[in-house]
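Scroll down for the structure; my scribbles are underneath it.
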Amino acid sequence: MSTDQQALLDALNAEYTAVYAYGLIAAYASPERAKIVAEFTATHRARRDATADALKAAGASVPAPAAAYTPPSPVDDPIPAAKLAVTVETDTAVAWRAVVEHSTTPDRRRTGTEALTECAIRLATWQSILGVNPATTPFPGQP
């Protein structure tokens, strides 16, 4: 498997984790956050599906998602749910930045850049919700 395919596979795994985590986030997020949680979940699902399709088109095998993913800390109310969302968006940004760095085609680099930008926007949204100032980071996805 090429380096750019491996980066895309890592991004797929990050998206699998994100989709799972957003189910947990949805269960505990404040009711007024339901709309953004649904929107962000849909975006991760779409990105997951497009990434799986890109891997298939490149001739790579696409693994199934894990049955479950363990969150880094317990989630039992809105604040830990929002913190989990920050972790998810940070982790997916790291994965998509690697896609940009390792891409060998302009199309894949564009896809990685778009995904990284989306992660940065979602991350800033959650950071704002948590009252983090500034809500943005200078270089999203930097490990």
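Numbering of residues begins at 1 and proceeds along the displayed sequence. Atoms considered below: every heavy atom in the structure, side chains included; atoms not considered: hydrogens, waters and symmetry mates.
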Inset, instruction - Would you kindly say whether T105 and D107 are connected by a side-chain donor-acceptor distance under 3.5 Å? - result: no
Inset, instruction - Without swapping roles, check the side chain of R48 against the backbone of E15 for a donor-acceptor pair under 3.5 Å. - result: no
Inset, instruction - Find the distance between CD (Q127) and NZ (K83) and round it off to the nearest 0.5 Å. - result: 11.0 Å
Inset, instruction - Name the orientation class of the two ring planes belonging to Y22 and W126 (parallel below 30°, tilted from 30 to 60°, perpendicular beyond 60°). - result: tilted
Inset, instruction - Please tell me if the side chains of V132 and V86 come closer than 4.5 Å, counting only heavy atoms from C-beta onward. - result: no
Inset, instruction - Please tell me if the side chains of L12 and P63 come closer than 4.5 Å, counting only heavy atoms from C-beta onward. - result: yes
Legend entry - Expected output: side-chain S30 to main-chain R33 donor-acceptor under 3.5 Å: no
Legend entry - Salt-bridge present (E39, K35; N to O < 4.0 Å): no
Inset, instruction - Before giving the answer on side chain to side chain contact (heavy atoms under 4.5 Å, CB included), spell out for Q5 and T104 the whole-Å C-alpha distance, their side-chain angles and the decisive distance to 0.1 Å. - result: CA-CA 9 Å; Q5 286 178 337; T104 56; over 6 Å; no
Inset, instruction - Mind listing the closest non-hydrogen atom pair of D4 and S103 along with its distance? - result: CB-CA, 3.9 Å
Legend entry - Non-hydrogen side-chain atoms of P71 and L24 separated by less than 4.5 Å: yes
Legend entry - Which atom of L8 lies closest to which atom of T51, heavy atoms considered: O-CG2, 3.6 Å
Inset, instruction - Begin with the C-alpha distance, continue with both residues' side-chain angles, and end with the deciding distance and a verdict on side chain to side chain donor-acceptor pair (under 3.5 Å) for E89 and H44. - result: CA-CA 10 Å; E89 298 305 341; H44 279 292; 2.9 Å; yes
Legend entry - Heavy-atom side-chain contact between F139 and R97 under 4.5 Å: yes
Legend entry - Heavy-atom closest pair, residues T41 and V37: OG1-O, 2.7 Å
Inset, instruction - Please examine the side chains of F40 and T125, heavy atoms only from C-beta on, and report whether any two atoms are closer than 4.5 Å. - result: yes
Inset, instruction - Please determine which of T136, T90, T92 meets the side-chain contact (heavy atoms from CB on, under 4.5 Å) test together with L123. - result: T90
Inset, instruction - Determine whether I36 and I121 fall in the same hydrophobic cluster, where Ile, Leu, Val, Met, Phe, Trp and Tyr are linked whenever their side-chain heavy atoms lie under 4.5 Å apart. - result: no
Legend entry - Considering all heavy atoms, the nearest W96-G112 contact: CE3-CA, 3.8 Å
Inset, instruction - Using the rule that two of Ile, Leu, Val, Met, Phe, Trp, Tyr join whenever any of their side-chain heavy atoms come within less than 4.5 Å, decide whether I25 and Y69 are in one cluster. - result: no
Legend entry - Separation of L84 CG from D91 CG (nearest 0.5 Å): 9.5 Å
Inset, instruction - For residues S128 and A135, report the shortest heavy-atom separation together with the two atoms involved. - result: OG-CB, 3.3 Å
Legend entry - Closest approach of L55 to L9 (non-hydrogen atoms, all atoms of both residues): CD1-CA, 3.9 Å
Legend entry - Sidechain-backbone polar pair: Y20 side chain, A66 backbone, donor-acceptor under 3.5 Å: no
